[in-house]
Amino acid sequence: MITPDSTGDNSPQFDILRRGAVDLIEEQQTRKLLALGRPLRIKLGLDPSSPDLHVGHAIQLLKLRDLQELGHQIVLIVGDATAMIGDPTGRNKLRPQLTREAVEENLVTYTDQAAELIDMERTEVRRNSEWFDAMDFQGLVRLTSRMTVARMIERDTFQQRMEASEPIGIHEFLYPLMQGWDSVMVKADLELGGTDQLFNLLVGRDLQREEGQMPQVCLTLPLINGSDGRKMSKSYGNAIPFKAEPADMFGKVMAIEDEVMGAWFTLLTRLPQEEITTLLAGHPRRAKAALAADITARFHGAQAAQAASEAFDRQFQKREVPEDMPEHVWPDEGGADLQLATLLKSVGLAPTTSEARRLVKQGGVRLDGEVQSDPVRPISPGAEPRILQVGRRRFVRLL
RNA sequence: GGGGAGAUUCCCGAGUGGCCAAAGGGGUCAGACUGUAAAUCUGAUGGCUCAGCCUUCACAGGUUCGAAUCCUGUUCUCCCCA
């Protein structure tokens, strides 16, 4: 539980809260809230538009977990009403509107996966359709009258879209207001969000103040980038999902740029700051392996992380063929010879024959360790299972 | 309501009758190098029975020996005026 000492010093709590944060609006209020000694209501809105969580979400969930362990009350808002709009933040396109059914499905996987990091038993989960379905037209007008067009369109994301002559739907203006109204309805003391959420979080403050509530504290955490430098997002295909296999998760962390390691350590591990500093001062390869192991261990346990780490070294440092690899029965009945390109395609190592030919021509294909150069070379099954390799990390054992 | 502009290959974005499967960038993939699936460099990037053939430039028709490029209609978007 919350135990501010007799002097009212809550700095240990405050430090935990502050770790990795970008904005904290505002600090004095936060200290006062912590000093109250009661569980604070910590709100996080889920976007149930993408069911699979990735390490970008983990940043927020880990923060929630920290706060939960300090005895605070986590309130997850399932944006089933807002999901039908889609948060316009950071998007240069209208987002597809989700059906209620899709939201329900996503919600299940979402909470299942979130349970890996936070204690769902002690978490309050609310759907915002609870109050938005009940809101009538008058209520909507009342809510929308609290925001001005000028304030809304001065937002970067809308500015950019207007400059680029991209469409903006009127309903998109509703999103921040709805998110803010959620804060009113659950009487949030603090709301978490990514740095891109600051505007939405601040709207909550305004609405709460107008409703005579204590305005919530807003805490923003950095967004981390995916492998391509863009914001990590499932829709960009650059994310590291919770459900990634240990080896895959480890490898994907190893693929991040050296420059962002520090941020990842702060946001995705709970190693003490001094230890992080020491690691970063050492060899980058070692530091990154430690990071990858820590993250992998959180989802799969220390043993699996260790195994993933060792397998990674064998495969990429020593260039050994991994023990575990997908297996595929020899395509085409009768064990007849197949052209190499055709074989690659039918076992799924290349999406098209053209791609398969390209890979061979570029020297990216090995059969039993030998580089292949002829895409139309006939390949026969062989007595032993043969190993087909594309690039450095895609293998198939042919049975 | 009136006038104007636009929709291009995964994304952004050139291309305004043949030299266009379509510049450039991003992403992705492969190779080299290495400390890793970092960084850097090189190459590839519509499909196929691959020195050739086939299908793409919002959609449907049309003009032409030939169209992403011209015409007509449809859908969607943006801008200006009211």
Side-chain angles (χ1 to χ4, degrees), chain A residues 55 90-96 153 158-170 172 224-240 244-265 279-293 295-296 305 308-320 322 325 337-346 348-366 371-378 388-395:
Chain A
V55 297
R91 299 294 173 141
N92 53 15
K93 287 216 164 82
L94 276 166
R95 303 188 68 185
I153 64 176
F158 288 137
Q159 283 292 327
Q160 282 168 10
R161 279 163 65 174
M162 286 193 285
E163 257 168 56
S165 293
E166 292 286 342
I168 299 171
I170 300 281
E172 294 184 82
I224 54 172
N225 291 330
S227 49
D228 56 359
R230 291 184 293 179
K231 175 185 168 183
M232 185 174 287
S233 160
K234 196 195 168 201
S235 44
Y236 295 146
N238 61 0
I240 305 177
E245 295 298 316
D248 187 40
M249 185 176 275
F250 189 93
K252 280 185 162 136
V253 177
M254 289 304 281
I256 66 170
E257 296 175 14
D258 289 0
E259 289 67 48
V260 302
M261 267 196 286
W264 282 55
F265 267 118
L279 277 164
L280 290 175
H283 197 293
R285 170 73 169 69
R286 274 199 59 177
K288 205 181 286 180
L291 175 68
I295 292 173
T296 306
S309 175
E310 285 165 11
F312 187 90
D313 287 351
R314 280 197 302 275
Q315 189 173 346
F316 297 107
Q317 248 179 351
K318 300 178 188 156
R319 292 294 169 89
E320 286 174 15
M325 69 177 79
D337 288 4
L338 283 172
Q339 291 196 346
L340 180 55
T342 314
L343 180 63
L344 284 164
K345 185 188 167 196
S346 50
L349 284 172
T352 62
T353 320
S354 299
E355 177 68 19
R357 285 166 170 275
R358 234 174 268 136
L359 287 166
V360 176
K361 281 180 191 156
Q362 294 184 120
V365 175
R366 287 165 191 265
V371 178
Q372 301 296 306
S373 57
D374 181 10
V376 295
R377 176 185 166 189
L388 196 55
Q389 175 182 3
V390 169
R392 269 168 286 177
R393 57 196 171 107
R394 282 142 69 208
F395 297 84

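Only heavy atoms go into these numbers, but all of them, side chains included; no hydrogens, no water, no symmetry mates.
Regarding A/E259, its CD atom lies at a distance of 9 Å from the P atom of B/rU40, rounded to whole Å. Rounded to whole Å, atom P of B/rG35 lies 15 Å from atom CE of A/M261. With rounding to whole Å, A/I168 atom CD1 is found 13 Å from B/rC79 atom C1'. Atom P of nucleotide B/rA37 and atom CD of A/E320 are separated by 14 Å, given to the nearest angstrom. Here the P atom of nucleotide B/rC76 and the CD atom of A/E166 are 17 Å apart, to the nearest Å. One interatomic measurement links the two molecules: CZ of A/F316 to P of B/rA37, which rounds to 6 Å at whole-angstrom precision. In this structure, the CZ atom of A/F158 is 17 Å from the C1' atom of B/rC78, given to the nearest Å. Atom C1' of nucleotide B/rG35 and atom CD1 of A/I256 are separated by 14 Å, given to the nearest angstrom.
Which of B/rG35, B/rC29, B/rA37 sits closest to the side chain of A/P284 comes down to B/rG35. Checked against B/rG35, B/rA38, B/rA37, the side chain of A/R285 finds its nearest nucleotide in B/rG35.
Taking a pair to require two hydrogen-bonding distances under 3.5 Å in either a Watson-Crick or a G-U wobble arrangement, B/rG35 remains unpaired. When Watson-Crick and G-U wobble pairs are counted only if both distances are under 3.5 Å, B/rG1 pairs with B/rC81. The partner of B/rA7 is B/rU75, by the rule that a Watson-Crick or G-U pair needs both atom distances under 3.5 Å. Across the strands present, B/rC19 finds no partner; the criterion is a Watson-Crick or G-U wobble pair with both atom distances under 3.5 angstrom. Both distances falling under 3.5 Å, in either a Watson-Crick or a G-U wobble arrangement, occur for no nucleotide opposite B/rU63. Pairing partner, B/rU42: B/rA30, with both Watson-Crick or wobble hydrogen-bond distances short of 3.5 Å.
A 4.5 Å side-chain heavy-atom check between A/L388 and A/L344 finds at least one atom pair inside the cut-off. With a 4.5 Å cut-off on side-chain heavy atoms, A/V253 and A/V55 do not count as touching.
Using P as the reference atom, B/rU45 and B/rC79 are 38 Å apart when rounded to the nearest Å. Taking atom C1' on both nucleotides, B/rC10 is separated from B/rC71 by 32 Å, rounded to a whole Å. Going from the P atom of B/rU42 to that of B/rG25 covers 11 Å, rounded to whole Å. With P as the reference atom, B/rG17 and B/rG62 are 23 Å apart, rounded to whole Å. Comparing B/rA82 with B/rC76, their C1' atoms are spaced 24 Å from each other, to the whole Å. Distance check on atom C1': B/rA67 versus B/rU72 gives 15 Å, rounded to whole Å. The P atoms of B/rA68 and B/rA7 are separated by 15 Å, rounded to the nearest whole Å. B/rG27 and B/rC59 are spaced 28 Å apart, taking the P atom of each and rounding to whole Å.
A/G363 comes within 4.0 angstrom of sugar-phosphate atoms only, judged by non-hydrogen atoms across all strands, and of no base. Nucleic acid contact for A/A356: none, since no nucleic acid atom lies under 4.0 Å from a heavy atom of the residue. If you check every strand for non-hydrogen atoms under 4.0 Å, A/R286 touches nothing.
Qualifying side-chain hydrogen bond (donor to acceptor under 3.5 Å, both in side chains) partners for A/R377, counting only residues two or more places apart in sequence or in other chains: A/Q372. With sequence neighbours excluded, the residues satisfying side-chain contact (heavy atoms from CB on, under 4.5 Å) with A/E245 are A/D248. Qualifying side-chain contact (heavy atoms from CB on, under 4.5 Å) partners for A/E320, counting only residues two or more places apart in sequence or in other chains: A/R314, A/K318. Legend: residues meeting ring pair (Phe, Tyr, Trp, His ring centres under 6.0 Å) with A/F265, ordered by chain and number and at least two apart, are absent. The side-chain contact (heavy atoms from CB on, under 4.5 Å) search around A/A341 returns A/T353, A/A356, A/R357, A/P375, not counting sequence neighbours. Listed by chain and number, the residues in a side-chain hydrogen bond (donor to acceptor under 3.5 Å, both in side chains) with A/Q159 amount to none (sequence neighbours excluded). Partners of A/T352 by side-chain contact (heavy atoms from CB on, under 4.5 Å), not counting sequence neighbours, listed by chain and number: A/S354, A/E355.
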Report the C-alpha separation of A/Q315 and A/R392 in whole Å, then their side-chain angles, then the decisive distance to 0.1 Å, and conclude whether the side-chain contact (heavy atoms from CB on, under 4.5 Å) test is met. CA-CA 8 Å; A/Q315 189 173 346; A/R392 269 168 286 177; over 6 Å; no

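Comparing A/G391 and A/D258 by the nucleotide of RNA chain B that holds the closest heavy atom to each, the one mapping nearer the 5' end is A/G391. Each of A/M249 and A/M162 lies near RNA chain B, and the nucleotide nearest A/M249 is the one positioned closer to the 5' end.
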Only distances under 3.5 Å count here; give the side-chain donor-acceptor pairs of residues 281-289 of chain A to other protein atoms, sequence neighbours excluded, each with its distance to 0.1 Å.
residue : atom : partner : partner atom : Å
A/H283  : ND1  : A/R285  : N            : 2.9
A/R285  : NH2  : A/D313  : OD1          : 2.9
A/K288  : NZ   : A/I256  : O            : 2.6
A/K288  : NZ   : A/D258  : OD1          : 2.8

Return the polar atom pairs (N/O with N/O) between nucleotides 2-4 of chain B and the protein under 3.5 Å, or none.
none

N/O contacts under 3.5 Å, protein versus nucleotides 80-82 of chain B?
none

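Residues A/G262 and A/L280 approach most closely at CA-CD1, 3.7 Å, considering heavy atoms.
The shortest distance between the side-chain N/O atoms of A/R394 and the OP1/OP2 oxygens of B/rA30 is below 4.0 Å.
Taken to the nearest 0.5 Å, the OG atom of A/S309 stands 7.5 Å off from the CE atom of A/M254. In this structure, CH2 in A/W264 is found 4.0 Å from CD1 in A/I240, a value given to the nearest 0.5 Å.
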Whether each nucleotide of nucleotides 42-50 of chain B has a protein heavy atom under 4.0 Å at its base (B), only at its sugar-phosphate (S) or at neither (-) is summarised, 5' to 3', as -BSS-SBSB

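If you check distances only, the side chain of A/R319 does reach the base of B/rU34 with a donor-acceptor pair under 3.5 Å.
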